[in-house]
Amino acid sequence: MAKIKPQALLQQSKKKKGPSRISITNIVIYTLAVLLLVFVLFSAYKRWTQRSEIPSHNGRSVLEDAAFPGIKNTNLPRFATLDTGKGSVTIELFKATAPNVVDQFMKLCQDGYFKGFLFSRVVKHSVIQAGDSAEFDAVKDWALERKSLDTSLKQEEFMVGTPKVKNEQGGFEFFIVSAQITDLNEKLTVFGRVAKGQDVVQDIEEVETDEQYQPKSPIEIMSVTLLQDM
């Protein structure tokens, strides 16, 4: 039997291929590829969860505490429900006739501005005021003329408006007017009407007040929910 020379064995060992090794460069490339894939999937998921649709709440379309810029105009809320200590009041928003005020109102709802808001003045069978302005005395004027209201007016009842003359302290206040008032459009920018919960408004009007028409027991707005449909 022929013996294999050591030199021949050495040459054969050189010809054998050893196990392939993954270089550091390949590891870095693979790692970057995986990270890029994860980033793409996360971005797609984020866009999907933030798509411009109004989510559902109790079977109704609702937008609460969400950003408006990404929402189509056709999907913007048309109603706002005030949850008060006396019950719920749903306001239809007049986006077409008072766009700036409605936008401001919805933004404040989004920011939670009205949470804890108080009905500061109440005039029976006439008006309730949410918020306070020392310089805006329309409530007192309307209280004085409520006994001689012009019943021939065609103005709708339960209108919702904010003062045209803003107070120096800033902020936002609004009035729910349950009666027909002669100078309503002179003093207020009407941006909505009570579409549901008129009985709740009337219950609020029945509370006991002091001489300044301020409720003796506080009536609070606990939350506001923006709705696309009632």
Side-chain angles (χ1 to χ4, degrees), residues 50 53-71 75-95 98-123 127-136 138-139 158-163 166-178 188-210 212-230:
Q50 293 181 348
E53 293 181 358
I54 305 297
S56 175
H57 177 73
N58 292 336
R60 299 178 297 180
S61 297
V62 58
L63 177 68
E64 186 173 23
D65 297 332
F68 294 125
I71 298 175
N75 290 334
L76 282 174
R78 299 188 300 116
F79 301 90
T81 295
L82 314 179
D83 291 320
T84 77
K86 292 288 187 179
S88 297
V89 178
T90 299
I91 299 171
E92 179 185 1
L93 302 174
F94 294 166
K95 174 70 174 177
N100 294 334
V101 175
V102 170
D103 287 344
Q104 182 185 10
F105 178 78
M106 289 195 299
K107 181 63 168 60
L108 292 173
C109 292
Q110 169 199 346
D111 295 340
Y113 177 81
F114 296 110
K115 185 176 182 179
F117 226 54
L118 295 178
F119 288 102
S120 56
R121 291 189 178 90
V122 173
V123 180
V127 61
I128 59 177
Q129 175 186 2
D132 192 15
S133 173
E135 296 183 7
F136 190 74
V139 170
F158 294 99
M159 307 304 284
V160 183
T162 189
K166 302 302 180 182
N167 63 73
E168 295 181 354
Q169 289 76 24
F172 189 97
E173 59 186 345
F174 63 91
F175 296 77
I176 300 178
V177 183
S178 62
L188 299 181
T189 298
V190 176
F191 67 92
R193 69 175 183 87
V194 176
K196 185 179 180 180
Q198 292 90 343
D199 57 331
V200 176
V201 174
Q202 292 171 338
D203 286 344
I204 295 174
E205 290 178 343
E206 293 294 331
V207 301
E208 189 176 358
T209 63
D210 60 18
Q212 300 298 317
Y213 304 102
Q214 296 176 338
K216 293 185 177 181
S217 297
I219 306 171
E220 180 181 343
I221 296 176
M222 296 176 290
S223 66
V224 180
T225 303
L226 298 176
L227 304 170
Q228 187 181 0
D229 298 297
M230 286 181 59

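Computed from a predicted model, the values in this text were never measured in an experiment.
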Using a 4.5 Å cut-off on heavy atoms from C-beta on, say whether the side chain of [Y] contacts that of [X].
X	Y	answer
Val207	Lys86	yes
Leu93	Phe105	yes
Phe119	Ile221	yes
Thr209	Gln214	no

What distance do [X] atom [atom1] and [Y] atom [atom2] have between them, rounded to the nearest 0.5 Å?
X	Y	atom1	atom2	answer
Leu227	Arg78	CG	CZ	10.0 Å
Met159	Glu92	CE	CD	9.0 Å
Leu226	Ile91	CG	CD1	10.5 Å
Ile219	Thr84	CD1	OG1	7.5 Å
Phe175	Thr162	CZ	OG1	7.5 Å

Ignoring hydrogens, what is the shortest heavy-atom contact between [X] and [Y]? Give both atom names and the distance.
X	Y	result
Phe158	Gln202	CZ-NE2, 3.7 Å
Lys115	Met222	CG-O, 3.3 Å
Val200	Ser88	CG2-O, 3.5 Å
Glu220	Gly116	OE2-CA, 3.3 Å
Phe114	Leu108	CE1-CB, 3.7 Å
Pro215	Val122	CG-CG2, 3.7 Å

**Study point:** Partners passing salt bridge (Lys or Arg N to Asp or Glu O under 4.0 Å) against Lys95 (at least two apart in sequence or in another chain)
**Key:**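 Expected list: Asp103.
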Point to revise | From CA spacing to verdict: salt bridge (charged side-chain N to carboxylate O under 4.0 Å, His left out), Lys216, Asp210 | key: CA-CA 6 Å; Lys216 293 185 177 181; Asp210 60 18; over 6 Å; no
Practice item. Say whether Thr90 and Thr81, considering side chains only, have a donor N or O and an acceptor N or O under 3.5 Å apart. Key: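 Yes.
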Check your understanding: Parallel, tilted or perpendicular: which fits the ring planes of Phe191 and Phe174, with parallel below 30° and perpendicular above 60°?
Key ->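 Rings of Phe191 and Phe174: perpendicular, as their planes differ by over 60°.
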Review point. How far apart are the C-alpha atoms of Tyr113 and Phe172, what are their side-chain angles, what is the distance that settles it, and do they pass the ring pair (Phe, Tyr, Trp, His ring centres under 6.0 Å) test?
Key: CA-CA 9 Å; Tyr113 177 81; Phe172 189 97; 7.3 Å; no
